[in-house]
Amino acid sequence: MKKVLLSFIGLSLSLAIQAQNNTNWCGSDQHLQQHLNENPSNQEMWDIQMEQLRQKQAYFEQLGNNGNEALRIVPVVVHIIHDNWSGNISDEQVEDALRVMTEDFKRLNTDSNDTRALFKPFAANCELEFRLAKIDPNGNCTKGIVRVNSVLTNSAYENVKALSYWNSSKYFNIWVVKTIANFTGGGGTILGYAQFPGQGSWNTYGVVCRNDQFGTIGTATGADGRTMSHEAGHCLGLLHTFQGNCGSNCSTSGDYVCDTPPTYDATYACNLSQNTCTNDASGPSAYNTNVVDQIENYMSYDACQNMFSLGQKARINAAIAQFSQLTSLVSNSNNIATGTNNGYVTQTCKPIADFKQSINMICTGASVVFSDMSYNAPVTTRNWTFTAGNPASSTDSTKSVSYNTVGKHNVSLTVANGVGNSTKTVNGAVIVSSTTASYSGWGYQEGFENAGTFSNDWIVVDPSGTRKWERITTTGYNSSSSIRILNLTGNGEGEWDEIISPSFNISQVPSPELKFKVAYAQKNSSSNDNLRVYYSTNCGQSWVLKYTKSGSQFSSVGPTATNFVPNSPSQWKEETVNLSGISGNSNLRIKFYFKNGVGNNIYIDDINIGGANSISETLLEHNTLQVYPNPATTGATVSFTLLKEASFARLQIVDVLGKEIGTVFKGSISQGKHTVEINDFSHFTSGVYFIKLEADGQVFTQKLIIE
């Protein structure tokens with residue numbers, strides 16, 4: 001009997017998953033199935049655990065519901081993952097979500113009267129209360145809420161769990177996100193998913209839930225909050241009411257709980273006459289005849305949920321008894337250690353420093369607004385430090401700060417109250433660019449051959465902290481250098497990365513266009529990676545989308561499931577982006593954006609900005625205005641080649657605001673190559689400057705860094 005039962009359970013899980021694919025708002029089964037598919041031993045362990053749970057469940061069912069069981073308190077930590085404060089829900093919404101969970105598990109929900117008379121005798125108070133932890137893993141005072149700024153909150157999956165996690169044998173982890181990746185292979189929107197106990201690492205145990213389904217207020221206004229009741233049920237060993245379909249015995253079908261009538265498939269319409277199975281009275285059933293489906297059960301998909309059953313309570317008790325981590329989680333000693341025990345005297349916590357800013361890229365002279373977003377406790381004092389900012393410090397909760405120095409500048413906030421203080425520092429929080437472009441003339445080329453040019457000129461944006469754009473020296477288009485993202489492994493679906501170019505003055509380029517070589521492979525025909533090109537004319541303060549392609553639209557080779565590395569020019573393709581709509585612009589930046597759509601690696605090389613017919617019209621030979629060494633300390637050499645004589649030419653050094661610092665040469669100048677030595681930088685302060693060459697009305701610039 002045992003082998004037959006276990007085999008049936010494994011089969012029924014797969015069948016239920018297949019049936020749910022049309023509109024599956026809970027991803028727990030698919031998350032489990034992925035784990036089971038990873039290794040045959042995982043399936044074997046699942047079968048063993050299910051049988052052990054069944055036996056313990058039967059034991060607790062025999063004990064009956066004597067009504068004298070002790071309340072179990074579940075210490076909770078809520079990790080709010082937000083995207084630059086979008087989705088950063090309030091403490092009140094968190095507390096509201098736990099209120100709903102507790103009311104549902106203790107059967108204190110106001111709609112308990114809606115349970116039909118047939119099922120009311122079997123409706124259970126599960127004696128579970130969910131409370132926010134008051135003591136963190138380090139013994140410090142906490143509200144039980146952690147806030148993390150990460151783009152992984154969009155299309156979230158397992159990758160969000162590594163952002164913030166507390167020991168799951170002491171805290172019930174909930175990750176609240178903006179959206180969840182549809183990893184189920186079917187339609188619908190995933191509202192939440194849970195990890196079943198004993199399946200997978202305990203370091204990932206808990207629930208991932210969308211913030212618009214977390215509670216009933218704030219971003220979840222209009223929701224019923226039952227997504228969390230449902231998912232927490234999974235974490236405590238409960239299955240869907242339709243998990244094992246109908247079968248021939250109530251203990252081996254449905255959710256394997258006999259006072260929850262088996263259901264054939266997921267339903268949504270709250271049809272009170274719905275009756276999808278006829279084996280309700282078969283086996284150790286709570287009913288002596290066939291009955292309607294228990295659509296009000298929290299483990300169904302129907303929107304009229306209002307009860308757990310006594311059999312489900314027995315299964316929860318069995319899970320808590322079977323898994324030592326759960327036994328520890330709800331123990332009285334752990335309640336004391338986490339500050340969730342009855343009688344705990346609430347302490348005053350210290351604040352946790354956090355802040356947001358209105359923008360992170362600006363031109364010299366522009367301003368950024370910073371706002372104190374500290375949490376965990378009220379702030380009584382605060383101190384800001386704005387490197388290179390004006391003002392350089394402040395004690396205000398919100399402050400507008402202007403910047404006139406080019407570069408990446410740090411921002412730090414220290415907050416305190418009578419209990420303690422904390423500090424948050426963001427290195428490179430503000431990127432300030434000159435209003436004078438780093439490059440100007442009739443064309444720009446970048447083949448990523450020079451490591452210094454790449455590190456000085458290009459800005460890599462890596463919001464997820466995993467794979468990112470990087471310069472490599474192992475492959476390129478007709479060269480050994482290019483930039484790439486190793487996208488096959490390491491990045492999660494929906495993660496994105498950017499790389500931003502230096503600034504260009506294209507005011508003298510007729511019909512400007514951007515050309516670049518790309519090498520990319522899909523992993524399979526359904527891979528949907530996305531490549532976009534944006535431009536900015538205000539130092540990156542705002543961006544305009546100019547080009548977007550997905551999947552096979554920009555692939556240069558056929559799909560490959562192995563690590564893609566282009567090994568010949570034929571595996572590259574050229575893409576062209578028309579920039580004529582912004583011709584005449586004197587400060588242009590280009591941004592390449594790549595979003596993971598479960599594909600393979602991408603490489604970019606030979607970036608060209610110019611006009612197809614413009615080279616013959618310029619006085620300066622293409623891309624020959626050079627400064628070396630760069631960065632420089634005591635002096636530098638400037639070289640350039642003129643295609644014809646200039647009746648008037650001037651070579652200057654200007655600062656980031658375009659102000660002349662010194663004139664190196666002025667007068668007529670002949671055709672050919674010219675080299676000019678600048679031997680003394682002793683009167684210059686360290687920073688960014690520009691070599692500016694004017695020749696018969698044409699202007700060319702090259703950035704110079706003096707250290």
Going by heavy atoms in the side chains, are [X] and [Y] under 4.5 Å from each other?
X: T405; Y: V432; result: no
X: E95; Y: L132; result: yes
X: Q195; Y: T204; result: yes
X: W175; Y: I80; result: no
X: Y403; Y: I362; result: yes
X: M361; Y: C539; result: no
X: E231; Y: C26; result: yes
X: Y593; Y: W543; result: no

Polar contact flag, side-chain donor to acceptor under 3.5 angstrom, [X]-[Y]:
X: T241; Y: Q294; result: no
X: D83; Y: N154; result: yes
X: Q243; Y: D29; result: yes
X: N297; Y: Q312; result: yes
X: N487; Y: R467; result: no
X: T219; Y: Q93; result: yes
X: T466; Y: E495; result: yes
X: H31; Y: E158; result: yes

What is the ring orientation for [X] with [Y], classed by angle as parallel under 30°, tilted 30 to 60°, or perpendicular over 60°?
X: F172; Y: Y205; result: perpendicular
X: F308; Y: Y298; result: tilted
X: Y171; Y: W166; result: perpendicular
X: Y157; Y: F183; result: tilted

Distance, nearest 0.5 Å, that separates [atom1] of [X] from [atom2] of [Y]:
X: T153; Y: N159; atom1: OG1; atom2: CG; answer: 10.0 Å
X: T227; Y: F214; atom1: OG1; atom2: CZ; answer: 10.5 Å
X: L413; Y: R382; atom1: CG; atom2: CZ; answer: 7.5 Å
X: D111; Y: N306; atom1: CG; atom2: CG; answer: 5.0 Å
X: L238; Y: C126; atom1: CG; atom2: SG; answer: 7.5 Å
X: I180; Y: Q213; atom1: CD1; atom2: CD; answer: 9.5 Å

message: Applying the side chain to side chain donor-acceptor pair (under 3.5 Å) criterion to E103, which one of R99, R107, K106 satisfies it?
response: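 That would be R99; it is the only one of R99, R107, K106 passing the side chain to side chain donor-acceptor pair (under 3.5 Å) with E103.
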message: As a test of understanding, state which of E61, R72, K56 forms a side chain to side chain donor-acceptor pair (under 3.5 Å) with N317.
response: R72
query: Any salt bridge (Lys or Arg N to Asp or Glu O under 4.0 Å) pairs touching residues 336-360, not counting sequence neighbours?
result: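 For residues 336-360, and leaving out neighbouring residues, the salt bridge (Lys or Arg N to Asp or Glu O under 4.0 Å) pairs sorted by first residue read D354-K424.
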task: Evaluate the side chain to side chain contact (heavy atoms under 4.5 Å, CB included) criterion for residues M299 and H230: first the C-alpha distance (whole Å), next the side-chain angles of each, then the deciding distance (0.1 Å), finally the verdict.
output: CA-CA 6 Å; M299 303 313 294; H230 178 102; 4.3 Å; yes
For [X] against [Y], the heavy-atom pair lying closest together:
X: Q57; Y: A318; result: N-CB, 3.5 Å
X: T142; Y: C349; result: N-SG, 3.3 Å
X: M228; Y: C209; result: SD-CB, 3.7 Å
X: W384; Y: D372; result: CZ2-N, 3.6 Å
X: C235; Y: G206; result: SG-O, 3.4 Å
X: I145; Y: Y375; result: O-CE1, 3.5 Å

Taking [atom1] in [X] as the centre, count heavy atoms belonging to other residues, nucleotides or ligands within less than 6.0 Å. Is the count above 12?
X: K591; atom1: NZ; answer: yes
X: K170; atom1: NZ; answer: no
X: K595; atom1: NZ; answer: no

query: Distance-only, no hydrogens or angles: does the N173 side chain make a donor-acceptor pair with backbone N or O of Y165 under 3.5 Å?
result: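 Flag not set: sc N173 to bb Y165 has no pair under 3.5 Å.
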query: Would you say T216's side chain and A223's backbone share a donor-acceptor pair under 3.5 angstrom?
result: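 No.
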Between side-chain atoms of residues 391-401 and protein atoms elsewhere (two or more places apart, or another chain), which donor-acceptor pairs fall under 3.5 Å?
{"residue": "S394", "atom": "OG", "partner": "D396", "partner atom": "N", "Å": "3.0"}
{"residue": "D396", "atom": "OD2", "partner": "K399", "partner atom": "NZ", "Å": "3.4"}

query: What residues, two or more places apart in sequence or in another chain, satisfy side-chain contact (heavy atoms from CB on, under 4.5 Å) together with T423?
result: S412, T414, T425
task: Sort and list the pairs that fulfil side chain to side chain donor-acceptor pair (under 3.5 Å) and have at least one residue in residues 318-327, not counting sequence neighbours.
output: Q52-Q322
query: Which pairs with one or both residues in residues 333-347 pass side chain to side chain donor-acceptor pair (under 3.5 Å), sequence neighbours excluded?
result: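 Output for this query lists R131-N342, S331-S333, N335-T340, T338-T340.
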task: Quickly, which of V176, V208, V177 forms a side-chain contact (heavy atoms from CB on, under 4.5 Å) with I81? Name it, please.
output: V177
query: In this structure, which one of I174, N211, V76, I89 forms a side-chain contact (heavy atoms from CB on, under 4.5 Å) with V94?
result: I89
query: Are Y534 and F592 close enough that their ring centers fall under 6.0 Å?
result: no
query: Can the ring centroids of H240 and Y301 be said to lie less than 6.0 angstrom from one another?
result: yes
message: Pair K134, C141 - check side chain to side chain contact (heavy atoms under 4.5 Å, CB included), show working.
response: CA-CA 6 Å; K134 300 302 180 186; C141 178; over 6 Å; no
task: Taking only Lys NZ, Arg NE, NH1 and NH2, and the carboxylate oxygens of Asp or Glu, determine whether R147 and D91 approach each other closer than 4.0 Å.
output: yes
message: Go through it in stages, so that I can follow the logic: the residues are F60 and I320, the test is side chain to side chain contact (heavy atoms under 4.5 Å, CB included), and I'd like the CA-CA distance, side-chain angles, deciding distance and then a yes or no.
response: CA-CA 11 Å; F60 282 103; I320 292 173; over 6 Å; no
- prompt: Mind checking what makes salt bridge (Lys or Arg N to Asp or Glu O under 4.0 Å) contact with D302, not counting sequence neighbours?
  reply: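 Scan of D302 (salt bridge (Lys or Arg N to Asp or Glu O under 4.0 Å), adjacent residues dropped) gives none.
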